[in-house]
Amino acid sequence: MITVKLPDETEKEYPENSSALDVAASIGSRLADATVAAEIDGLIVDAMRPLEEVTETRPIPLRLLTERDPEALGVLRHSCAHVMARAVMKLYPGVNLAFGPTLGQGFYYDFDLERPISEDDFARIESEMKSIIKQKEPFERFSLDRDEALKFCDGMDQSLKVEHIETGLADHHTLSFYRQGEFVDLCRGPHIPDAGKIKAFKLLSVAGSYWKGDAQNRRLQRLYGTAWFSKKDLNKYLNQIEEAKRRDHRVLGKKLGLFTISNDVGQGLCLWQPKGAIVRSLLEDFIKRELLNRGYEPVYSPHIGRAKLYEMSGHFPYYRDSQFTPIFGHDGGQMIDFWIRKLDPKDEDYVEPSADEEQKLLEAAAVMGIDLSAFPKSGSVEDKLQVLRKWQDQQERYLLKPMNCPHHVQIYKSQPRSYRDLPVRLAEFGTVYRHEQSGELNGMLRVRGLTQDDAHLFCTPDQVEEEFRSTLELVQFVLKSVGLEDYRVVLSLRDPDSNKYVGSAENWDRAEATLRHVLTEAGFNFVEEPGEAAFYGPKADFMVRDCLGREWQLGTVQLDYNLPERFELEYIGSDNAAHRPVMIHRAPFGSMERFVGMLIEHFAGAFPLWLAPEQVRILPLSDKHLDYAKQVESQFRSAGFRITVDQHSAKVNAKIRQAQLDLIPYMVIVGAQEEAQGAVSLRDRIDGDLGEMPIDEAISKLKKEVKEKIIRQSFEADFSGIEAASEVSNEY
RNA sequence: GCUGCUGUAGCUCAGUGGUAGAGCACUUCCUUGGUAAGGAAGAGGCCAUGGGUUCAAGUCCCAUCAGCAGCUCCA
């Protein structure tokens, strides 16, 4: 007999080899029917597996997972991936299976198959899947030892699985498989008891991928799908996808004239059109005022700086690949730079240059007027490098700034600092340039020139905690004022096994402990992610959920014990001795581009009144009322509103329609009636006609809405059921 | 950066190797209106760029640039 302990602490005895399903059945047949998987000792496992096989713990702690538990969705989706793979194999013989894990709200499976799969094939695959599901065949688990498993996969002609067992799973003695009808797959599980549990699914897209995610490897075809316990949930999810498409900031940005990206200017370089620029400057003004209140000092710094500066800070060497090429003062600068990198044995692409190549480079240098007479042709690489570096150091070499911090550091260093001056908080909307991979660029969300609402705090070690706390508070405040109150914080820590980080272990420990302590104390919902820290320090990123439940990484607060060290920053303490300050980098919005892009999607282009580029549009009933309309316009304008008059010769219905489509928050309709009364008729974009009222009344109503930054959205999201389900790790 | 798809009017898109198309927007004229589309006419194009095949290329081929999707990356 075995003893099982349920979440309510009750303990029961069951015969050996009992499964979670048996336990469920003993409680009730409906529960047995609803049980999808089980959680034992924190591990999600098959409901049909003998309990004692899973854990050594006695009594066995068991939690039954039903369709109501989010964890169950991951299990369902992985099983659906198997069903999809089975269907694909049936339809297209010769398929080689790769991996097929679950994702936040779906799953995919990678196939190696000559014949390209297109969306036109989806209907066929789906109907094959349907007939598989109809048979309600069980998922059966069995284990084989290494040799048997290899033979087994080889026998099925699954060479990728064979390769995976030999490489990725080299340290596994036994391997588990799941059988479902004629389909067998190497898989860690868990799976649902039988395919009949898949009540609703849909194939979503097909895309290319690589074996083990490496572009050097063979290309695979990846089929994406999603699965749910009910048709209703599936439809809800599909609606969410549609809604997300409708809100695409690239489409809305074009339609509403917010921003544009011109090929002539360059990839990933965002041009703010007047309407977008207004939104941005309102946000900047808002945060600037807030910063002044909180003891920040605005500064300005140029867009470029000497490459040496960024070599000193560590950014240039570390992020060289994602930087724009340096600006060289000498035409030959780039060639020497190339040479230096080629000679440097530390460089990844290091290939020893041949004597012939070296000779050619020397000749080219001579032609370009570079004096390398000291170059030791038969000397050591180090000696050669020294000559080249010496020449380079004498030249102008600038970088488009990838970060603002080195400039702010220089401002800090421009005068002696006393402990009485600290913390020094230097703030700048600093535009930085990063040469992101072309495939990564995406509207305003991923650009090559971005403006951070940046600031750097220089403080004593004792002040770190308080400064970090108040910074978090600032981010909270800022997000709240644009109606973003649903977020979590990701605390990114270093990976203790990696050597990519700079600074001492003690400093890291101290920094991480401080962040953890403040976040805990302030009651933040946060998770720790080891290995995700920046190379110079741990960071706390704000992951903000928009009204569709999508997460965006926006604001960030980062601790830095490294730059003060590298730049030898100091302040004089009360003991009259020099001490090293600590730096905090922080950007509540992250970047203006990304933040505004996110806001466009969050509001579906319909900004709240205080941010709307065009707040009010006057719609004269006919040309006869144009004069009065202009009079009303000037009254609103002197009250501070962004307002226009629709002067088209169209019926008021058409003007209203246009204003609605342009997402103008308020329309003011004026005709003979209003003119006679010296009044206006107000129409709300969301609630429609508000009736006639005196101009003053309309103005003060709108003023109040602006002042309080009221957010009214016509969109009622109901995606509560489809928050990202926990991802179940079910790959080998 | 890699793979695939795409690039035609300001926007959204049709277009079979043989004369460049539609709807919306725009301009003009008629219409002067009461809470989501009044009517008519007109203007608008180096069919992304550069090569090639062909008697003939928006259409077929190659390259480049850009966009999209996915992969990989993100200070």
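We name chains A, B, ... by the order of the sequence lines, and we start the count at 1 in each one.
- A donor N or O paired with an acceptor N or O is not found under 3.5 Å between the base of B/A66 and the side-chain atoms of A/Ser438.
- Look at A/His625 and you won't find any side-chain N or O under 4.0 angstrom from OP1 or OP2 of B/G34.
- As judged by a 4.0 angstrom heavy-atom cut-off over every strand, A/Gly688 is placed among residues making no nucleic acid contact.
- No side-chain donor-acceptor contact under 3.5 Å links A/Ser591 and A/Gln452.
- When heavy atoms are screened at a 4.0 angstrom cut-off, A/Asn653 is found touching the sugar-phosphate backbone but no base atom.
- Between the side chains of A/Tyr433 and A/Gln323, not a single donor N or O lies within less than 3.5 Å of an accepting N or O.
- Nucleotides B/A14 and B/U8, compared at atom C1', are 10 Å apart to the nearest Å.
- In this structure, NE2 of A/His435 is placed 18 Å from P of B/C73, rounded to the nearest angstrom.
- In this model, no donor atom of one side chain and acceptor atom of the other lie less than 3.5 Å apart for A/Ser622 and A/Lys651.
- One P atom belongs to B/A20, the other to B/C13, and the distance between them is 24 Å to the nearest Å.
- For B/G15 and B/U28, the C1' atoms lie 30 Å apart once the distance is rounded to whole Å.
- Toward the 5′ end of RNA chain B lies the nearest nucleotide of A/Gly439, the other residue of the pair A/Arg657 and A/Gly439 mapping further downstream.
- Between the CD atom of A/Gln553 and the P atom of B/C73 there is a distance of 15 Å, rounded to whole Å.
- Of the C1' atoms belonging to B/G23 and B/G44, the separation is 15 Å, rounded to the nearest Å.
- At distances below 3.5 Å, not a single donor-acceptor pair connects side-chain atoms of A/His625 with backbone N or O atoms of A/Leu619.
- Among the atoms of the strands shown, base atoms are found under 4.0 Å from some heavy atom of A/Ala672.
- Atom pair A/Lys655:NZ and B/G33:P shows a separation of 11 Å (rounding to whole Å applied).
- Base pairing of B/G70: its partner is B/C2, meeting the Watson-Crick or G-U wobble criterion (both donor-acceptor distances under 3.5 Å).
- When only modelled atom types and interatomic distance are considered, A/Gln660 and A/Arg683 share a side-chain donor-acceptor pair under 3.5 Å.
- The pairing partner recorded for B/A41 is B/U27, the criterion being a Watson-Crick or G-U wobble arrangement whose two distances lie under 3.5 angstrom.
- In the set B/G34, B/A75, B/A36, B/G34 carries the atom at the smallest distance from any side-chain atom of A/Gln673.
- In the set B/A75, B/G67, B/G38, the nucleotide with an atom closest to the side chain of A/Gln267 is B/G67.
- Of the candidates B/A75, B/U31, B/U35, B/A75 carries the atom nearest the A/Ala534 side chain, counting heavy atoms from C-beta on.
- The partner of B/A36 is absent, by the rule that a Watson-Crick or G-U pair needs both atom distances under 3.5 Å.
- Base pairing of B/G18: its partner is B/C55, meeting the Watson-Crick or G-U wobble criterion (both donor-acceptor distances under 3.5 Å).
- With hydrogens and angles left out, the side chain of A/Glu674 and the base of B/G34 share a donor-acceptor pair within 3.5 Å.
- For the OP1/OP2 pair of B/A36 and a distance below 4.0 Å, the side-chain nitrogens and oxygens of A/Lys651 include no atom meeting the criterion.
- No donor-acceptor distance shorter than 3.5 angstrom exists from the side chain of A/Glu551 to the backbone of A/Arg545, with no hydrogens or angles considered.
- The side chain of A/Lys624 has B/U32 as its nearest neighbour among B/A37, B/A75, B/U32.
- Figure legend. B/A75 is base-paired to no nucleotide; pairs are counted as Watson-Crick or G-U wobble with both atom distances under 3.5 Å.
- Two residues, A/Glu440 and A/Val206, neighbour RNA chain B, and the one matched to the more 5' nucleotide by heavy-atom proximity is A/Val206.
- Taking side-chain N and O atoms only, A/Arg250 has a distance below 4.0 Å to OP1 or OP2 of B/A69.
- Residue A/Tyr536 is classed as a sugar-phosphate contact, given heavy-atom separations below 4.0 Å to backbone atoms only.
- Distance A/Asn442 CG to B/G70 C1': 13 Å, rounded to the nearest Å.
- Contact annotation: side chain of A/Arg446 to base of B/C74, donor-acceptor pair present below 3.5 Å.
- Nucleic acid contact for A/Arg683: base, since at least one base atom lies under 4.0 Å from a heavy atom of the residue.
- Within the 4.0 angstrom heavy-atom criterion, no nucleotide atom of any strand lies near A/Ser205.
- A donor N or O paired with an acceptor N or O is found under 3.5 Å between the base of B/U32 and the side-chain atoms of A/Asp623.
- No hydrogens or angles were tested; on distance alone, nothing pairs the side chain of A/Gln437 with the base of B/C71 as donor and acceptor under 3.5 Å.
- Rounded to whole Å, the separation between the C1' atoms of B/U59 and B/G52 comes to 15 Å.
- The same atom, C1', is picked in B/C5 and in B/C46; the two are 26 Å apart, to the nearest Å.
- Aromatic stacking of A/Tyr319 on B/A75: satisfied, with centres closer than 5.5 Å and planes within an angle under 30 degrees.
- The separation between A/Arg685 atom CZ and B/U35 atom C1' is 15 Å, rounded to whole Å.
- Following rounding to the nearest Å, A/Asn263 (CG) and B/A48 (P) show an atom-to-atom distance of 13 Å.
- With a 3.5 Å ceiling on both atom-pair distances, the Watson-Crick or G-U wobble partner of B/C65 is B/G7.
- Atom pair A/Gln658:CD and B/A25:C1' shows a separation of 9 Å (rounding to whole Å applied).
- Spacing between atom OH of A/Tyr433 and atom C1' of B/C74 amounts to 19 Å, rounded to whole angstrom units.
- A distance of 5.0 Å separates CD1 in A/Ile304 from CD1 in A/Ile327, rounded to the nearest 0.5 Å.
- In this structure, A/Arg494 fails the cation-pi test against A/Tyr501, since its NZ or CZ atom is not both closer than 6.0 Å to the six-membered ring centre and inside 45 degrees of the ring normal.
- Rounded to whole Å, the separation between the C1' atoms of B/G10 and B/U27 comes to 14 Å.
- Looking at A/Glu601 and A/His249, their side chains do bring a donor and an acceptor atom within 3.5 Å of each other.
- Look at the C1' atom in both B/A48 and B/G58: the space between them is 12 Å, to the nearest Å.
- Comparing B/C71, B/U35, B/G33 by their closest approach to the side chain of A/Ser681 singles out B/U35.
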